Amino acid sequence: MRDIKFSIPNISKQDINLVGKIIKSGWLTHGKYTSLFEHEIKKFTKAKFAVSVSSCTAGLHISCLASDFKKGDEVIVPAQTHTATAHAIEYTGATPIFADVEYPSGNMSLDKIKDKITKKTKGVILVHMAGYPCEMDKIVRFCKKRKIKVLEDCAHALGTYFKGIHAGNFGLSGSFSFYPTKQITTGEGGVVITNNEKFYKKIKKFKAFGIDKDIKDRKKQGDYDVKSIGYNYRMTDFQAALGYRQIINYHKNLKARHLIAKRYIKNFSKTDKIIHMPYSATSSFFVFQIFCKNRDKILKKLKKKKIGVSVHYTNPLPKMSYYKKKYKLDIKDFRNSHKYGKLNISLPVYPKLKKQEIDKICGEIIKLV
Ligand SMILES: Cc1ncc(COP(=O)(O)O)c(C=O)c1O
């Protein structure tokens with residue numbers, strides 16, 4: 001049996017042909033595939049607006065700017081997430097306020113948010129961990145009443161639904177990642193979705209230097225103004241072409257992910273020593289997470305057997321040196337995040353993963369617990 005990789009991007013010959021065609025054309029950015037990709041993202045998520053960006057981190061950054069987060073504001077964020085979620089708040093000068101997550105979902109619940117609310121709370125960023133949806137109805141209702149802005153970090157959530165609505169449509173925006181291990185990839189890249197036109201216009205401006213007019217809206221060449229600071233967070237057209245090919249075929253990919261998750265669950269039903277994420281028809285199964293007491297020993301053994309797995313994530317953010325030094329937080333406040341970080345293993349989920357490979361991964365882990 002071949003070595004089992006943690007992730008294999010789902011890139012077809014047709015995808016490569018299209019990317020090659022765009023590169024050969026010489027029209028590498030601002031091209032038609034950027035619009036086509038954004039259009040297909042809107043179709044898939046049913047959002048009114050979509051803006052492609054150079055990464056999910058960039059999307060989160062400009063979402064925080066468009067939310068007007070600034071020095072003196074507090075924005076609640078899960079303690080157990082990728083550092084990009086909290087960094088996006090830091091970039092604006094606002095303060096990330098870490099809240100514990102639930103175990104084993106890894107998601108921040110309304111109760112955990114309530115624990116951290118103060119007069120300075122201006123926003124909340126939710127993360128749908130491993131593609132498992134947060135309880136968006138309760139959270140949005142609570143935040144709306146208090147004029148607290150909700151943003152969604154959807155880095156794991158392409159194909160995640162809550163009560164029939166795609167993730168990213170609940171808050172002011174949802175930021176998605178197309179890093180190579182994600183469900184679809186553009187190499188590096190991301191997209192921001194929103195249903196708020198004013199917010200959309202702000203996002204577009206922050207993404208491209210603060211320039212107030214798209215090329216197509218300019219009466220003559222060079223006819224634009226710069227009314228605010230902005231960045232260059234554009235995605236190239238050949239990346240967008242790859243994303244376009246991948247999103248139009250994503251339904252098949254998502255179906256395969258659900259079948260893989262079901263097989264993991266069936267195999268792990270043979271033991272009660274492994275806690276795993278529950279099966280949910282509304283999850284995107286970015287990865288399949290399990291929780292084991294002797295996690296580090298298992299990681300070592302799986303590496304020896306050439307079985308690729310990952311960890312999302314080990315240290316909660318309040319334990320990372322940058323945040324630890326700056327905010328001097330007590331790790332005891334983040335009990336579940338700590339436990340989650342110590343026990344989780346992310347198992348591979350991708351369409352090219354074979355049934356025998358899933359069985360081998362499960363068999364080896366069951367032997368080790
Ligand atoms: C939860 C979460 N948010 C944000 C990011 C950052 O995404 P990107 O690498 O596209 O900037 C990641 C990256 O994996 C992530 O896992």
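Counting starts at 1 for both ligands and their atoms, following the listed order. As the structure is a computational prediction, the values presented were derived from the model and not from experiment.
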Q: Please determine if Lys122 forms a cation-pi arrangement with Phe69, meaning its NZ or CZ atom is less than 6.0 Å from the six-membered ring centre and no more than 45° off the ring axis.
A: no
Q: Assess the side chains of His312 and Tyr340: does a donor N or O sit below 3.5 Å from an acceptor N or O?
A: no
Q | Any donor-acceptor N or O pair under 3.5 Å, side chains Ser175, Asp153 | A | no
Ring-ring centroid check [X] [Y], cutoff 6.0 Å:
{"X": "Phe285", "Y": "His258", "result": "yes"}
{"X": "His276", "Y": "Tyr264", "result": "no"}
{"X": "Phe286", "Y": "His128", "result": "no"}
{"X": "His61", "Y": "Tyr231", "result": "yes"}

Q. Taking non-hydrogen atoms only, is His156 closer than 4.0 angstrom to ligand 1 via side chain, backbone, both or neither?
A. side chain
Of all the atoms in ligand 1, which lie at a distance below 4.0 Å from a heavy atom belonging to [X]?
{"X": "Tyr313", "result": "1 (C), 15 (C), 16 (O)"}
{"X": "Ala84", "result": "4 (C), 5 (C), 6 (C)"}
{"X": "Thr81", "result": "1 (C)"}
{"X": "Lys182", "result": "13 (C), 14 (O)"}

Closest non-hydrogen protein atom to [atom], residue and atom name please, with distance?
{"atom": "atom 7 (O) of ligand 1", "value": "Cys56 CB, 3.3 Å"}
{"atom": "atom 6 (C) of ligand 1", "value": "Thr57 OG1, 3.5 Å"}
{"atom": "atom 10 (O) of ligand 1", "value": "Ser177 OG, 2.8 Å"}
{"atom": "atom 3 (N) of ligand 1", "value": "Asp153 OD2, 2.6 Å"}
{"atom": "atom 15 (C) of ligand 1", "value": "His82 CB, 3.3 Å"}

Q: Look at the side chain of Arg218 and the backbone N and O of Tyr224, then say whether any donor-acceptor pair between them is shorter than 3.5 Å.
A: no
Q | Test of proximity, Tyr179 against ligand 1: N or O pairs below 3.5 Å | A | no
